[in-house]
Amino acid sequence: TYQYPEINIIAETTTEMSKNVKEYLNQIELERQIRQEFFSNASHELKTPITSVQGYAELLESGIIQDEEQNKDFIRRIKKEAVHMTSLINDILMISRLETKEAEMVCQDVRMSIVLDDVLESLKPLAAFHEVLVHADCKPLCIYANARQMTELVSNLLSNAIKYNKPGGEVWVTITEEDKEMIIRVRDNGMGIPKESLGRIFERFYRVDKGRSRKQGGTGLGLSIVKHIAGYYHGTITVQSELEAGTEFTVKIPI
Ligand code: ADP
């Protein structure tokens, strides 16, 4: 009897197609959940400084506090919360830009020594505040990339190495080229990261010590942005750390 092999082929193709559709729908659902979680975390993170600002503003408005110094202290706190909100919004905008406008990103030959010099200059006050000494070495190399993203990447790693350090601590940043890859290494002899946190530090809004991060003006988004940027250029980021001894981040990006 004739077996109609075409029917088998159609059945197999249909099963394969429905499997692909299911996988695609699962992927969309996962992305929806990640986005949802991001918005809910972001709103929560913004609510905290807004609530503080409202509280201090109401106290000032009520006129209950007669002490001039205390009034000034409240104003300082309002300013600090505003600075924190600005960092949060800037980081959220950077993530949104990375996710939605990647295709429109303007790339050019970026000289890494210029990027590093700019970052070092802008982080001078932070390093002075934390009494941390920064050593830098950059080989003359150019990478076809978006300058702003490269600046963001180096700046986030370097500012963490300074922030999570101790007075008198040191930071070493090197930018080299090996086997057609640009290698950015940022090492510090600061507080280190506990082993159980190492796998989570690249997650959005994750902080080892929430209080400390907030005190330093951290948003919990810096490393997730660095990872996203490295990934955009088909690069990788790895970390090695020992508590109380220090941390080293290594970013490798194909040139
Ligand atoms: P944050 O804005 O809190 O600094 P990041 O995403 O940049 O957020 O970093 C996530 C967490 O990883 C930080 O809160 C901090 O606990 C930890 N971390 C990052 N870099 C270092 C470092 N060089 N030394 C110690 N801990 C670090």
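Counting starts at 1 for both ligands and their atoms, following the listed order.
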**Message:** Would you call the rings of Tyr56 and Phe74 parallel, tilted or perpendicular, taking 30° and 60° as the class edges?
**Reply:** tilted
**Complete:** Across all chains, not counting sequence neighbours, the side-chain contact (heavy atoms from CB on, under 4.5 Å) partners of Asp91 are Glu152, Thr219, Leu221, Ile225
**Message:** When you measure from the side chain of Ser197 to the backbone of Ile193, do you find a donor-acceptor pair of N or O atoms at a distance under 3.5 Å?
**Reply:** no
**Prompt:** Purely on distance, is any nitrogen or oxygen of Asn160 under 3.5 Å from one on ligand 1?
**Reply:** yes
**Asked** At the 4.0 Å heavy-atom cut-off, does Asp188 count as touching ligand 1?
**Response** yes
**Prompt:** Is Thr174 reaching over with its side chain to a backbone N or O of Cys138, donor-acceptor style, under 3.5 angstrom?
**Reply:** no
**Asked** Which residue holds the protein heavy atom closest to atom 6 (O) of ligand 1, what is that atom called, and what is the gap in Å?
**Response** Leu223 N, 2.9 Å
**Request:** Decide whether the shortest distance between a heavy atom of Gly220 and an atom of ligand 1 is less than 4.0 Å.
**Result:** yes
**Request:** Give a yes or no on whether Glu181 atom CD has more than 12 heavy-atom contacts from other residues, nucleotides or ligands under 6.0 Å away.
**Result:** yes
**Per-atom contacts of ligand 1 with Arg207, taking only distances under 4.0 Å to non-hydrogen atoms** = 3 (O), 14 (O)
**Complete:** Residue, atom and distance of the protein heavy atom nearest atom 12 (O) of ligand 1 read Ile201 CG2, 3.5 Å
**Prompt:** With a 4.0 Å heavy-atom cut-off (strictly under), which part of Val186 contacts ligand 1: side chain, backbone, both or neither?
**Reply:** neither
**Request:** Please check if any side-chain donor atom of Glu31 sits under 3.5 Å from a side-chain acceptor atom of Gln27, or the reverse.
**Result:** yes
**Prompt:** Closest non-hydrogen protein atom to atom 26 (N) of ligand 1, residue and atom name please, with distance?
**Reply:** Ile193 CG1, 3.3 Å
**Prompt:** Between Cys142 and Val110, is any pair of side-chain heavy atoms under 4.5 Å apart?
**Reply:** no
**Request:** For the residue pair Met112 and Ile143, establish whether any side-chain heavy-atom pair is separated by less than 4.5 Å.
**Result:** yes
**Request:** Can you sort out which atoms of ligand 1 are near Gly192, meaning under 4.0 Å from one of its heavy atoms?
**Result:** 25 (C)
**Asked** What part of Val208, side chain from CB on, backbone N/CA/C/O, both or neither, has a heavy atom under 4.0 Å from ligand 1?
**Response** both
**Message:** If the contact criterion is a heavy-atom separation under 4.0 Å, does Arg204 count as touching ligand 1?
**Reply:** no
**Prompt:** Can you tell which of Phe249, Tyr164, Tyr206 gets a heavy atom nearest to atom 18 (N) of ligand 1?
**Reply:** Tyr164
**Flag if over 12 foreign heavy atoms under 6.0 Å of CD, Gln108** = yes
**Request:** For atom NZ of Lys79, decide whether the heavy atoms of other residues, nucleotides or ligands shown that lie under 6.0 angstrom number more than 12.
**Result:** no
**Request:** Tell me which protein heavy atom sits closest to atom 3 (O) of ligand 1, plus the residue, atom name and distance to 0.1 Å.
**Result:** Ser213 OG, 2.6 Å
**Request:** Report, in ascending order of atom number, the atoms of ligand 1 lying under 4.0 Å from any heavy atom of Gly222.
**Result:** 5 (P), 6 (O), 7 (O)
**Prompt:** Which of the numbered atoms in ligand 1 are below 4.0 angstrom from a heavy atom of Leu221?
**Reply:** 6 (O), 8 (O)
